[in-house]
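First the proteins, then the strands, lettered A, B, ... as listed; each starts at 1.
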Protein chains: 2
Amino acid sequence: MKKKEARITIKDIAKALNLSAATISRVLSNHPAISESTKKIVNDKVKEMGFSLDPIASSFRSKKTKSIGVICPRIDIDFHSKVISGIEEYAYKQGYQITIFQSHDSYIKETEIVQMLENSLAAGVIICPGLETKRYEHLKKLGKSNIPLVLYDRTSEQLKASKVIINDFEASYNATVHLIQQGCKNLAHIAGNQNVDIFKSRLTGFKKALEQYKLPFQEQFVKETKNLTYEEGKEAAEALLLNTSIPDGIVCANDYTAAATLKVFRNNGIAIPEKAAIIGFSNYPISSILEPQISTIDDSAYEMGLVAAKILIQQIEDKEMQVLDYQEVIIKTKLIVRGSSDRKQN
Amino acid sequence: MKKKEARITIKDIAKALNLSAATISRVLSNHPAISESTKKIVNDKVKEMGFSLDPIASSFRSKKTKSIGVICPRIDIDFHSKVISGIEEYAYKQGYQITIFQSHDSYIKETEIVQMLENSLAAGVIICPGLETKRYEHLKKLGKSNIPLVLYDRTSEQLKASKVIINDFEASYNATVHLIQQGCKNLAHIAGNQNVDIFKSRLTGFKKALEQYKLPFQEQFVKETKNLTYEEGKEAAEALLLNTSIPDGIVCANDYTAAATLKVFRNNGIAIPEKAAIIGFSNYPISSILEPQISTIDDSAYEMGLVAAKILIQQIEDKEMQVLDYQEVIIKTKLIVRGSSDRKQN
DNA sequence: TTTTTTAATGCAAATGTTTGCATGATTTTT
DNA sequence: AAAAATCATGCAAACATTTGCATTAAAAAA
């Protein structure tokens with residue numbers, strides 16, 4: 001009968017060194033009141049015995065965890081998986097773990113998850129709210145429970161919280177200006193769901209550029225899609241071709257719809273970029289593989305995650321010193337000019 | 001001075017109902033020795049007061065958590081993000097949370113993560129081992145700590161543990177046979193890193209098909225790449241074209257290299273699929289967007305995650321009844337025939 | 001009715017760590 | 001040299017829950 005291998009505890013270290021458990025605990029949290037000499041002795045013993053704190057007991061007592069909840073609509077979307085990659089990377093380095101949830105854009109599930117994170121004392125939460133989310137009470141409650149919060153990508157004016165976004169307006173404006181500079185005069189836009197702020201901004205940026213350059217804005221040259229899928233892109237592009245005049249520049253709200261437009265236009269004998277220039281959004285892998293490669297906006301998803309984690313952890317750790325305040329970071333996007341819009345090189 | 005909003009505990013419920021904390025606890029875990037009548041009374045009160053158990057205190061006392069550690073090389077790879085999506089979906093439904101880590105294929109980081117999961121009493125672990133991982137002591141240790149383990153995608157004979165894989169050998173064999181049936185005689189293979197079992201199997205499946213159909217295997221028709229990137233694919237395809245005879249069928253170990261091959265061959269005036277048929281692997285989004293669409297093998301990543309979670313949770317919950325045994329599940333792949341290899345429709 | 005069995009609940013300990021307060025030792029100030 | 005200040009450490013309580021064992025009440029058996 002071997003007795004069950006019991007976990008080494010702080011008390012074992014204490015006993016071995018004739019010190020109190022309190023002292024060991026203080027050494028481990030680098031408490032200033034402990035002398036350097038005992039710190040060394042304890043740390044050596046800790047290493048020797050291969051001890052490490054029981055994080056659960058620790059959380060239980062201190063009412064703090066090292067776990068960050070991340071909620072996104074779905075993680076098998078290139079953009080989100082990149083953001084999460086950035087979050088994980090930074091969080092891990094700072095000693096935090098990330099726990100991931102998919103809301104599938106369901107408001108009910110989102111509230112459920114938030115509730116559970118609150119209940120399990122998450123150190124902080126990073127969220128990209130779902131499409132259905134119009135009310136933010138669940139997130140406000142987090143604030144009341146003193147759990148820091150960072151929103152990314154989709155945000156809301158309604159909520160006083162830290163945010164990491166790209167400037168969709170500006171990015172879309174820049175994309176449009178780029179096409180104008182390539183000589184396009186009849187510009188079209190394949191838009192995302194207009195209930196979503198970021199897609200609304202992309203449309204606004206598009207309009208703004210037209211206005212600025214005194215080009216006409218034509219309602220029938222804007223095609224809204226629901227989910228910006230490749231299939232919807234095809235339909236939108238085909239719809240554009242039904243107009244009496246055909247656009248010579250198409251600003252697409254993502255790369256799938258841009259890829260679809262490329263295909264449809266080509267199939268209809270419209271040379272890209274000579275007769276029509278196309279630019280997408282997000283810099284998906286496909287955009288650099290298609291022929292011609294598709295110009296796009298790089299949305300710096302990985303960096304967005306990195307920054308979100310950074311802001312969040314800062315807030316978590318500043319919380320004790322009561323310097324809680326919100327930041328809004330706008331990640332720089334980059335215009336990537338490729339074959340689908342670059343007329344000079346042709 | 002309002003007093004700090006304290007958490008509602010099991011004791012508050014007990015007091016309110018003139019019962020003991022023990023009883024409340026038992027109701028909450030549906031203990032058989034509690035009468036139905038008190039169960040109802042307690043449950044009602046719990047709802048009324050909006051109480052829920054403190055998961056940390058609960059874990060602390062019971063030495064069990066509801067958290068599953070997931071380790072993958074990186075999550076911003078389409079395949080892994082799909083697997084994780086499947087894991088999350090199933091785990092969430094069963095009341096488990098998933099905590100995600102990226103090993104970046106580093107053995108050291110991998111052991112570090114496993115160690116930490118062990119230390120934090122993970123309920124179970126799902127892992128796709130990194131490329132550097134040749135020894136499995138860290139994972140064996142998990143078993144000794146009684147933490148169930150499921151490997152996915154990359155596995156090893158060395159380790160006695162549950163596994164979820166696709167039959168790469170068979171999938172690659174089927175892909176090759178498909179090309180042969182399209183009339184290809186000179187088959188080439190663009191291979192993945194041959195230190196990785198799954199890529200080795202894809203090569204073996206390729207060879208097996210040639211043998212079976214009595215076609216010659218030519219060493220110079222196999223090009224190994226390190227990471228199966230689009231760029232490497234281009235180099236490999238160009239290298240293939242340097243041979244005196246040019247292959248008329250190319251089995252690629254993933255869709256990026258297939259896409260690259262498609263481009264290189266076309267640029268060299270080789271009609272696809274007429275002069276050369278191409279098939280990829282994994283069914284990445286690009287494969288259905290390129291023109292022609294690329295035939296491929298769907299690796300059912302989402303399902304793989306689902307199954308991995310299912311097996312793991314089963315093990316976690318059976319652990320108490322000591323029925324611990326290992327399962328190996330082979331997920332069915334699906335041959336997807338598209339324009340890059342379908343000669344009949346042309 | 002008395003005894004035995006069964007059912008339902010309570011008692012109290014135990015989990016590993018943190019932390020306010022107390023204490024003792026040492027150093028500095030007067 | 002005494003008093004005051006500083007430094008390093010220990011004591012013990014507290015955290016919310018679970019669970020083995022004990023207890024009481026009710027039901028069944030004798």
| task | Using chain A heavy atoms and a threshold of under 4.0 Å, write down where along DNA chain C the contacts begin and end, 5' to 3'. | result |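 Reading along DNA chain C, I get C/dG16 to C/dC21.
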| Candidates D/dG10, D/dT17, D/dA16 - which lies nearest the side chain of A/Lys63 |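 In terms of side-chain proximity for A/Lys63, the closest of D/dG10, D/dT17, D/dA16 is D/dA16.
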What is the distance, rounded to the nearest whole Å, between atom [atom1] of [X] and atom [atom2] of [N]?
X        : N      : atom1 : atom2 : result
B/Ile56  : D/dA14 : CD1   : C1'   : 16 Å
A/Ile13  : D/dG10 : CD1   : C1'   : 18 Å
B/Arg26  : D/dT18 : CZ    : P     : 10 Å
A/Leu121 : D/dA16 : CG    : P     : 10 Å
B/Asp54  : D/dT17 : CG    : P     : 6 Å

| message | When you compare the side chain of A/Leu149 with that of A/Leu159, does any pair of heavy atoms fall below 4.5 Å? | response |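 When only atoms from C-beta onward are counted, A/Leu149 and A/Leu159 do touch, with a gap below 4.5 Å.
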| query | Is there side-chain contact between A/Thr133 and A/Glu110, with heavy atoms separated by less than 4.5 Å? | reply |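 A/Thr133 vs A/Glu110: side chains touch.
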| Do B/Arg7 side-chain and D/dA16 base share a donor-acceptor contact under 3.5 Å? |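 Between D/dA16 and B/Arg7, which were checked side chain against base, a qualifying N/O pair under 3.5 Å is absent.
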Pick base, sugar-phosphate or nothing for [X], based on heavy-atom distances below 4.0 Å to the nucleic acid.
X       : answer
A/Leu28 : nothing
B/Asn18 : sugar-phosphate
A/Leu53 : sugar-phosphate
A/Leu19 : sugar-phosphate

Would you give me the side-chain donor-acceptor pairs under 3.5 Å for residues 301-313 of chain B, sequence neighbours excluded?
{"residue": "B/Tyr302", "atom": "OH", "partner": "B/Glu89", "partner atom": "OE1", "Å": "3.4"}

| query | Nearest nucleotide by nearest heavy atom, which residue falls closer to the 5' end of DNA chain C, B/Thr23 or B/Ser62? | reply |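 Nearest-nucleotide comparison on DNA chain C picks B/Thr23.
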Quick one: which residue pairs count as a ring pair (Phe, Tyr, Trp, His ring centres under 6.0 Å) with a foot in [range], not counting sequence neighbours?
range                      : value
residues 87-110 of chain B : B/Tyr107-B/His138
residues 52-78 of chain B  : A/Phe60-B/Phe60
residues 40-59 of chain A  : none

Check side chain to side chain donor-acceptor pair (under 3.5 Å) between [X] and all other residues, then give those that pass, not counting sequence neighbours.
X        : result
A/Ser103 : none
A/Glu328 : none
B/Thr99  : none
A/Ser29  : none

| field | Face-to-face contact A/Phe60 to D/dC15 six-ring, under 5.5 Å, under 30° | value |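 Stack criterion met.
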| Between A/Glu112 and A/Lys109, is the closest basic N to carboxylate O distance under 4.0 Å? |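 A salt bridge is absent here (no side-chain N lies under 4.0 Å from a carboxylate O).
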| task | Could I get the full list of salt bridge (charged side-chain N to carboxylate O under 4.0 Å, His left out) partners for B/Glu137, not counting sequence neighbours? | result |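 Here the qualifying residues are B/Arg135.
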| Heavy-atom contacts under 4.0 Å between residues 30-48 of chain B and DNA chain D, which residues? |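 Output list: empty, so none.
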| task | Would you mind reading off the bend of the helix from C/dT1-D/dA30 to C/dT30-D/dA1 from its two end axes, five pairs each, to 10 degrees? | result |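 The helix from C/dT1-D/dA30 to C/dT30-D/dA1 shows an end-to-end axis angle of 40°.
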